[in-house]
Amino acid sequence: MEVNFLRNRNNLIFYFDCDLDHHNVSGLKEKIDKVISKNRPKNIIFDFSRVNFMDSSGVGLVLGRYKNLKSSGGDVKICGLSGEIKRIFMLSGLQKIIPTYTTADEAIVNE
Amino acid sequence: MGYDNEMTTIFTGISENEAFARTVIAAFVSRFNPTVAEITDVKTAVSEAVTNAIIHGYCKDTGMVEVMCAAKNRDIYIEVKDKGVGIADIDKAMTPLFTSKPDMERSGMGFTVMEAFMDSVTVESAPGCGTTVVMKKRLLG
Ligand SMILES: Nc1ncnc2c1ncn2[C@@H]1O[C@H](COP(=O)(O)OP(=O)(O)OP(=O)(O)O)[C@@H](O)[C@H]1O
Ligand SMILES: [Mg+2]
C-alpha cells in the first residue's frame with residue numbers, strides 16, 4: 001500500500017489514493033507512523049480528496065494518529081471530505097475534535 | 001422468500017476479501033438502478049459487516065464468511081454470516097463507540113454506520129455459534 005506525502009516546512013500532508021478499509025488501513029498506519037516519527041512535524045494533514053471509499057477503519061486511522069500525537073503536541077487535521085466520508089466522520093463525532101478543511105492549502109500553517 | 005433475484009458468495013475470512021465482497025455487492029445492486037449514494041451506502045454497510053466477521057468473528061482461527069443478497073422490486077436484503085466466536089451482549093456491541101478491540105484502533109462505529117446507511121439492521125448471534133447480520137434497504141433511486 002503506497003502512501004504519498006508532502007513536507008512543507010512544519011506541515012506534513014498525506015494523500016490517500018486507495019480505498020480506506022480495514023485491509024488497506026492496516027498497512028498504511030505503519031507507513032504513516034514511520035514518516036511522522038522521521039519528520040516530526042507540528043501540523044499533520046490527511047487529505048481524503050482522492051478516496052473513493054472509506055468505512056469506519058478510516059475513523060480509526062485518524063483517531064489513532066490523533067491520540068499518538070496529542071502528547072507530543074502535534075496537530076491532526078483532515079480535508080477533502082466527500083459527502084459519504086463526511087457522514088462517517090460526523091457519525092463518529094470525530095469532527096468535534098479534529099479540525100476539518102475543504103482543501104489542504106487551507107489547513108497548512110505558515111509560521 | 002419469493003425474491004426476484006438472489007445470490008450468495010462464500011469466501012475465506014481474510015482482509016484481502018473485504019474489497020471483493022464490496023465489489024460483488026455493488027455489481028448485484030447496480031441492476032436495480034440505484035443512485036451512486038445508494039451503492040456507496042450498501043458497499044459501506046457490507047464492508048463493516050464483513051470486516052467485523054473477519055476481525056472479531058474469526059479473531060482466533062480463519063473461517064468462511066457468507067454474504068447473501070436478494071432483491072424484491074427495489075427492496076434489498078443482505079445477510080452477512082460467520083461461524084466465529086459470536087457476540088454475548090448484542091445491545092452493548094451495537095452501542096455507538098463500543099469496541100472490544102481499542103488496541104487495534106477500532107473506533108466502535110461499525111454497527112452505527114450500518115444503521116445509518118441501511119433502513120434496518122438486526123443481529124442474530126450467540127457465543128460460540130457465530131453471527132449473522134441482516135440488513136435491509138429500499139432503493140428510492
Ligand atoms: N461478527 C462478529 N463476531 C463477533 N463479535 C462481533 C462481530 N461483529 C461485531 N462484534 C462485536 O461488536 C463490537 C462492535 O462492533 P462495531 O463494528 O460497531 O465496532 P468495531 O468493529 O469494534 O470498530 P469499527 O467497526 O469502528 O472499526 C466489536 O468490537 C465486537 O466486540
Ligand atoms: Mg466494526
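In what follows, every chain begins at residue 1, and chains take the letters A, B, ... in the order their sequences are listed.
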- prompt: Can B:Thr44 and A:Glu84 be counted as having a side-chain donor-acceptor contact under 3.5 angstrom?
  reply: no
message: Under a 3.5 Å threshold, yes or no: a donor from one side chain and an acceptor from the other, between A:His22 and B:Glu18?
response: yes
How long is the span from the [atom1] atom in [X] to the [atom2] atom in [Y], to the nearest 0.5 Å?
X       : Y        : atom1 : atom2 : value
B:Ser47 : A:His23  : OG    : NE2   : 12.0 Å
A:Ser57 : B:Met104 : OG    : CE    : 8.5 Å
A:Phe53 : B:Arg22  : CZ    : CZ    : 4.5 Å
A:Leu61 : B:Glu105 : CG    : CD    : 7.5 Å

Salt bridge present between B:Asp41 and A:Arg87 (N-O < 4.0 angstrom): yes
Would you say [X] and [Y] are hydrophobically clustered, going by side-chain heavy atoms of ILVMFWY under 4.5 Å?
X       : Y       : answer
A:Phe46 : A:Leu69 : yes
B:Phe20 : B:Val50 : yes
A:Ile88 : B:Phe98 : no
A:Ile98 : A:Phe89 : yes
A:Val3  : A:Ile78 : yes

- prompt: For A:Ser26, is it the side chain, the backbone, both or neither that has a heavy atom under 4.5 Å from a heavy atom of chain B?
  reply: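 When you check distances to chain B, no heavy atom of A:Ser26 falls under 4.5 Å.
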message: So for A:Lys67, is it side chain, backbone, both, or neither that comes closer than 4.5 Å to the heavy atoms of chain B?
response: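 Interface part for A:Lys67: neither.
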field: Over 12 foreign heavy atoms within 6.0 Å of CE, B:Met64
entry: yes
task: Counting only heavy atoms closer than 4.5 Å, note whether B:Ile55 contacts chain A via side chain, backbone, both or neither.
output: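 B:Ile55 touches chain A through side-chain heavy atoms alone.
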query: Is any side-chain heavy atom of B:Met109 closer than 4.5 Å to a side-chain heavy atom of A:Leu91?
result: yes
Winner by heavy-atom pair count (cut-off under 4.5 Å) against chain A, out of B:Asn17, B:Thr40, B:Leu97: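 Greatest number of close heavy-atom pairs with chain A: B:Thr40.
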Option from A:Asp55, A:Val25, A:Asp21 for which side-chain contact (heavy atoms from CB on, under 4.5 Å) with B:Thr51 holds: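 Of all the options given, the one that passes is A:Asp55.
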- request: Heavy atoms only, distances under 4.5 angstrom: which of A:Ser56, A:Ser92, A:Gly60 has the most pairs with chain B? Name it, please.
  value: A:Ser56
